[in-house]
Structure formats: structure tokens, C-alpha cells
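Data first, discussion second: the structure below is written as C-alpha cells.
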Amino acid sequence: MRMSEEKSLNFIEEIVEQDLASGKYKNIITRFPPEPNGYLHMGHATSICLNFGLTKKYGGYTNLRFDDTNPVTEETEYVESIKEDVKWLGFEWKHELYASDYFEQLYAFAVKLIKKGLAYVDDSTSEEIAEQKGTPTQPGRRNQYAERSIDTNLELFVQMREGKYADGSKVLRAKIDMASSNMLMRDPILYRIKHAHHHRTGDNWCIYPMYDFAHGQSDSIENITHSICTLEFIPHRELYNWLIKELDIYPSHQYEFARRNLTYTVMSKRKLLQLVNEGFVDGWDDPRMPTISAMRRRGFTPASIREFCDKIGVAKRENLVDVGLLEFCVREDLNKIALRRMVVLDPLKIVITNYDKEGEVVLSENNPEDANSGSREILFGKELFIEREDFMENPPKKFFRLAPGQMVRLKSAYIIKCDEVVKDEQDNVIELKCTYIPESKSGSDTSGIHVKGTLHWVNATTAIPVQINLYDRLFTVEDVDGAEGEFKDYINKNSLQVIANAYAEPDLRNANMQDRFQFLRKGYFCLDKNSAGEKLIFNRTVTLKDTWAKANK
RNA sequence: UGGGUUAUGGUGUAACGGUAGCACUACAGAUUUUGGUUCUGUCUGUCUAGGUUCGAAUCCUAGUAACCCAACCA
């Protein structure tokens, strides 16, 4: 039996270890290749952790390369958000690169292919090209443009670059095999004409390479050893390798893994964009979104996301990961670092009738999991607020909280007993009259009384009002993509609950954006970016595990 | 109905011909001034049918199911 259990390798790590062991490579080079046309989400986090994690573990480095070959959808705004998100997740790229940096080189590659008789300019419309391509069960057929001479193709391609032709009037195609069972090998389009302004190259170009003629070539230029992408790119690998061979460039290798899906959410850019544009959420960083920026705003820690990615692993099979595991990871991390504070979300006033002092300071630990975190002073007093749900007039059997005649401890303070329930005309409980046990003070309890319940509370005279945002899952079904009908039919109408007037202990006035809190018995929270001055807004990151609530369902 | 990829508890993932393990979840108990944390224990699995072998999740054969591919997107 080994002392330390060795963690098993995922299939990509196995490949890397073999390559290293065989001497194929001394170091490995990977890349994270986002297209700057949207915000990064949890799915990207998996890829980021994989690519950067590999070079961290085995030596080498990872480039951040923007796959910016389609000027009409890409923007600098996205570039900035992507960089911020990768950094926040805790990774450092070696080189910040852009496929657009290689446009001149890529153009030369295309010329080389034409000269080898392996590429031609096609004047067909996109409909014609699609029609000639055939179907998976029927082979495609070549058209007359495929017969153009090398010189004609060269001349035409130069003219394409010079802007002589309108968008869509011509494309450059590789000449491979119109009968291939792989649709991507049926003379794929390499370049298309787009008279569009590019976020980096401006108006220098009016022809832009397709993904297949940019991605693999960029990998080669950067000497990427392991080019890791998702499963749907498997059919592209044949073309990826064909181009490397015919261009005779550095042989990067492509490996594919299955993208991770999460329960109760959607991950496609298209659907996320719809949620934003149609107002179902408040923007890309609305804390209910699965984007990295939203999770950051919601209070997730980079460490918890990395741990989650590590736990779910890397494989090739279809999957739907329980979001509960993500929540477990964030609780695990936050439990160790979050400052404990008391906040009452739904206040019920209590008056301690036998308490005649002005008030007194009690001490409460900042974090029982961290001996070095110290404690803070809280003012105890005659009039307090407790959580309304912590009182029941007719409690069930195992209700350890307040009820007429029942005793509970107020956290870090005294044991109290409920003597009288005060109601208004509508029979609503509006106040509780209690008595406290003077000998039961925390730390010097000589009362000998043992109570099962401990409640959080705030002092009615010193508490400060705060806003609390309670988030729940955005969708009502586990498998949103697999559910019948439109994904929007399953949006959870109650995914956000705003509590405008919660009462917080006054120490929270000093909260900073980077602070993580556990509001006792209520969950983990952090300050929202919209907090300003006196107006404090807290986002609930995740609830605490609540076996009591679960038992009562 | 062409090609490709994948099938292990409720979920995710190991086992590389030799005791199906780990984590989450669920359930039960102990501890607890958070019904939190921590600790202990329990339940549940190799897609199907054959075959090879002393021995099969693993190898072979035949099925079945799911996903991907016919964008001038990536």
C-alpha cells in the first residue's frame, strides 16, 4: 500500500507522459485559443485549466492565442474580458498572440498550396458549393473552376486580396477529395472575401482565412506540441494533418476531449447571448450566468473553480456534471477562508425583558476553521432581531429553535427563553418577549443549561440595513439542452430574490470587494459591484448545507 | 440508410487480462455555541448477447444506444 495515493492520469496526460518518456519532446507547448466574440464561461474554464495545467505540471508553456479570423463578430471588448478572466483564474500565458498576426504568413501558405496545384479559386455561390458538396451518403462533384490553371488561380487570388471582388463572389478552396466520407475533406474553403473592418488589422485585408486554414497553421507557427480541442473537431483532424503535410510545416498534433456540461444551465454562446439580449438576466456578468465574470461577481473563488475542473476530470464521453459538485467545491474553499458575520434576512423583534444593562460587548470568532482569524466585538442589548423562521408558535417534534417556553442560545451571547408572543390584529407575530439567563454568557457559562439550538441575531439599535441578493439556479430542469422544446421555457422565474432590507451587524460596514463572508446559518456572501457608500449589496454565492430544511421537505 | 466518437452506481471519473476503486449525492450515527464544519458507517455500477481464457470492465464477434459531420462560424 502506497503512503500517498497517486492520482491517476487522464488520457491526455498519458499521451504527454509517453511523448516525454520517448523523447519526442523535452517540453510541451499548449495554447488556449478563444475567439473574441463572447465572454468566457465554465466550459472554457475546463479548457483553460487543462491547457495551462498541463504545462504547469510537465514543463513548457501555454500561449493565449485569439482566433480572430472573422472580423464581423469579433471585438476588442471581448479580448479584454478574456484576458481578465484567464488571469483571474490564476494562469499566466507565455505569449499573447493573435491569428491575425499571421495573416501575411497564412497568405503565403495559401500561395504555396496553389502553386502545388492543391488549391483553386471557385466562383460558385455558397448555395452551389453546398449543393455540389453532396451529402454524407452521396459523394460530391467538382465544378469547372477546379480545372483552372495554377497561373489563373494565382492571379485570381492576388486580385481577391487586392479587393477586386465583392463579398461572396469567390473563395479559395483546397483541392482534396470530393468523394471523401469526411465532409470536411470535400474541397474545403480556405479563404473567403469579407470587406470588413478587423479589430486589429483594420482595413488591411478583405480576405480572411477560415478556421481550418488558420488554427492548425497558427499551432505550427507557435510550435504547439499538443493542440487540445473539443470532440466536435475530430473530423477536422484529418484536414489539420493534411495541411501540415502539404505545407510541410511543424507537425503539431490535435487531441480532442469532451466538453463538460453542467446541470441546470446552458453553455452555448448563442443561448447565453439570448439570455442577455432578451433580458432574462442583467448582463454577461449577472451572477446567475455560467460565465467566468458572473461567477467572479457571485463570489466563487478561482481556487474552487480550479478544484472543480480537476475533480470532474478529462475524458471523451458525453457528460452532464452535477452543479452540486461545483457548489461543494466552493463551500469547501469558502469554509476555510470566509469571515463569519451575522445578518438577519427576515427580522423578528425580540425584547429581553429582564435585561436592564445599557448593553455589553460580546466576542465572536471570525472563523472557527482558522485559529489565526481572531474575533470581533459585537454589542449585545435589550432589543434584538432574530430570523423570523427561527421561531414557531406550534413547533414540530425536533424543532431546536425558539418557541413559547423553549430556550435557545444566541450565538456568542446568552441563552434566552421565549415567554410571550405579541401579535397584531391580523394575528401576525410581531414581537417576542423573552428573558435571558445571566449565568449563561458565552465563554463563562455556569448555568448548566444545555440547549440544542443556537441562533444568529443582530442588535436592533446598532444593526445596519443592507440589500441581499439570493440566487437560485437559472433553469428548472437538470438537462436543459436535452429538455423537450425551447430552452427558454425552462427558465426559473424565481432565480433571483432581492431582500431590500436585511439587518446586518455593523462590522459589515468595513466590507471590501475581495472579502468573503459566511453569514451564519445563511450561506456564503460577497459584496456586489453595485454597492456604493452607505448602500451595501451582498450576493449569495451559495447556501450552507441545510439538513434541517431538507428533512422538512 | 456514409463516416467518425463514446458506453462503468443517481452524477463525474479510475482500474491498461488478476479483489470494480475514488469523489459528489443519498441515507444512518458521533461531535458541535452555525441543524455549518469534522469524523464513522451504509446503499447503489461494468449497454446487450455470444466467444477466447484458469481468470474479462479490459481481448474477439455480432448487436443496441447516444453524440458529432452536409456554415464563405469557430
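Lettering of chains follows the sequences in order, A, B, ..., and the numbering in each one begins at 1.
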Contact class for [X] (heavy atom, under 4.0 Å): base, sugar-phosphate, or nothing?
{"X": "A:K269", "result": "nothing"}
{"X": "A:H236", "result": "base"}
{"X": "A:S124", "result": "base"}
{"X": "A:T547", "result": "sugar-phosphate"}
{"X": "A:P368", "result": "base"}
{"X": "A:E369", "result": "base"}
{"X": "A:N70", "result": "sugar-phosphate"}
{"X": "A:R331", "result": "nothing"}
{"X": "A:L320", "result": "sugar-phosphate"}
{"X": "A:R186", "result": "nothing"}
{"X": "A:Q518", "result": "base"}
{"X": "A:S412", "result": "base"}
{"X": "A:F66", "result": "nothing"}
{"X": "A:V451", "result": "nothing"}

Is there a donor in the side chain of A:N366 and an acceptor in the side chain of A:R341, or the other way round, less than 3.5 Å apart?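 Result is yes, a qualifying pair exists.
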Taking atom [atom1] in both [N] and [M], compute the distance separating them and give it to the nearest angstrom.
{"N": "B:C68", "M": "B:C59", "atom1": "C1'", "answer": "28 Å"}
{"N": "B:A74", "M": "B:G35", "atom1": "C1'", "answer": "49 Å"}
{"N": "B:U25", "M": "B:G45", "atom1": "C1'", "answer": "15 Å"}
{"N": "B:A14", "M": "B:G36", "atom1": "P", "answer": "32 Å"}
{"N": "B:G63", "M": "B:A57", "atom1": "P", "answer": "23 Å"}
{"N": "B:C16", "M": "B:G21", "atom1": "C1'", "answer": "15 Å"}
{"N": "B:U58", "M": "B:G18", "atom1": "C1'", "answer": "11 Å"}
{"N": "B:A20", "M": "B:A62", "atom1": "P", "answer": "29 Å"}

Closer than 4.0 angstrom, basic N to acidic O: yes or no for [X] and [Y]?
{"X": "A:E505", "Y": "A:R376", "value": "yes"}
{"X": "A:K57", "Y": "A:E13", "value": "yes"}
{"X": "A:E369", "Y": "A:R331", "value": "no"}

Dot-bracket notation for RNA chain B is requested: 5' to 3', Watson-Crick or G-U wobble pairs only, both distances under 3.5 Å, with ( ), [ ], | and . as defined. .((((((..((((....[..)))).(((((.......)))))....(((((..]....))))))))))).....
Sequence neighbours left out, what passes side chain to side chain donor-acceptor pair (under 3.5 Å) with A:T435? Give chain and number order.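 If we apply the side chain to side chain donor-acceptor pair (under 3.5 Å) test to A:T435, skipping adjacent residues, the hits are A:D419.
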Would you call the rings of A:F66 and A:Y98 parallel, tilted or perpendicular, taking 30° and 60° as the class edges? parallel
What orientation do A:H198 and A:F103 show, parallel under 30°, tilted 30 to 60°, or perpendicular over 60°?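 Perpendicular: the ring planes of A:H198 and A:F103 meet at over 60°.
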Partner residues of A:Y191 under the ring pair (Phe, Tyr, Trp, His ring centres under 6.0 Å) criterion, sequence neighbours left out: A:F157, A:F213
Under the ring pair (Phe, Tyr, Trp, His ring centres under 6.0 Å) test, residues paired with A:W284 that sit two or more places apart: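 With sequence neighbours excluded, A:W284 shows a ring pair (Phe, Tyr, Trp, His ring centres under 6.0 Å) to A:Y39, given in chain and number order.
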Polar side-chain atom of A:N63 near backbone of A:R31 as donor-acceptor pair, under 3.5 Å: no
Contacts of A:N10 and A:G168 projected onto RNA chain B by closest heavy atom; the upstream (5') one is A:N10
Would you kindly compare A:F519 and A:L9 by the position of their nearest RNA chain B nucleotide and give the one closer to the 5′ end? A:L9
What is the first contacted nucleotide of RNA chain B and what is the last, in 5' to 3' order, if contact means an atom lying under 4.0 angstrom from a heavy atom of chain A?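 So the contact region on RNA chain B extends B:G2 to B:A74.
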Not counting sequence neighbours, list each pair that qualifies as a salt bridge (Lys or Arg N to Asp or Glu O under 4.0 Å) and has a residue in residues 438-448 of chain A.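 Sorted pair list: A:E360-A:K441, A:R409-A:D445.
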